[in-house]
Amino acid sequence: MHESISNLSNLIRKVDTNFHNPRVHGEGFVVTWNKKTNQIVTKQGLLSDLFNKKHYEYFFVKSHTKPIVISKIPFEWHEGASEIALEFYATFQLKITDQTEAYKLVEILSMSGTPKKDYLI
């Protein structure tokens, strides 16, 4: 049986730092997002952290080895300058088992603004 949630706040949440302890936070991955460049930060160094830390946001993505069903997520589709537009609620399955999949989730959510917008508390 698949777990069903109506929003992404049970799967991804904003955190204050990139520190992660599985005993405290649970199983998952911390993803660093650079608001200035709109990119995932995969390699962090002392100098880059020093200059860019104010632009960083951190998101904890919960690990799910079995697919979970996400339902009732608002979705809008527009085709260029066309007058045709679709608005509906989407239902889909997600499975996050490694860091790469966590990166993809944060990156995809960022295409609609930032990962925290509309989906997270």
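Closest approach of Val30 to Thr17, counting heavy atoms only: CG1-O, 4.1 Å. Here the closest heavy-atom approach between residue Thr97 and residue Thr65 is recorded as CG2-CA, 3.8 Å. Closest of all the heavy-atom pairs between Ala102 and Ile96 is N-CG2, 4.1 Å.
By the 4.5 Å heavy-atom criterion applied to side chains, Glu57 and Lys14 are counted as neighbours. The side-chain heavy atoms of Val31 and Glu107, taken from C-beta on, include no pair separated by under 4.5 Å. Contact check for Tyr56 versus Val41: side-chain heavy atoms found under the 4.5 Å cut-off. The closest side-chain heavy-atom distance from His64 to Leu11 is below 4.5 Å. Using a 4.5 Å heavy-atom cutoff, the side chains of Ile12 and Phe60 are not in contact. Annotation: side chain of Asn34 is not in contact with side chain of Ile40 (no heavy-atom distance under 4.5 Å).
Atom CD1 of Ile84 sits in a sparse spot, with 12 or fewer heavy atoms from other residues, nucleotides or ligands closer than 6.0 Å. By the neighbour-count criterion of 12 heavy atoms within 6.0 Å, atom CG of Asp98 is densely surrounded, having more than that number from other residues, nucleotides or ligands.
Distance check, rounded to the nearest 0.5 Å: CZ of Phe29 to OG1 of Thr32 gives 14.0 Å. Here the straight-line distance linking atom CD of Glu101 with atom OG of Ser63 works out to 8.5 Å at 0.5 Å rounding. In this structure, the separation between OH on Tyr58 and CH2 on Trp33 is 14.5 Å, given to the nearest 0.5 Å. To the nearest 0.5 Å, the span separating OH on Tyr89 from OG on Ser71 amounts to 11.5 Å. Atom CD1 of Ile68 sits about 9.5 Å away from atom CD of Gln93, to the nearest 0.5 Å.
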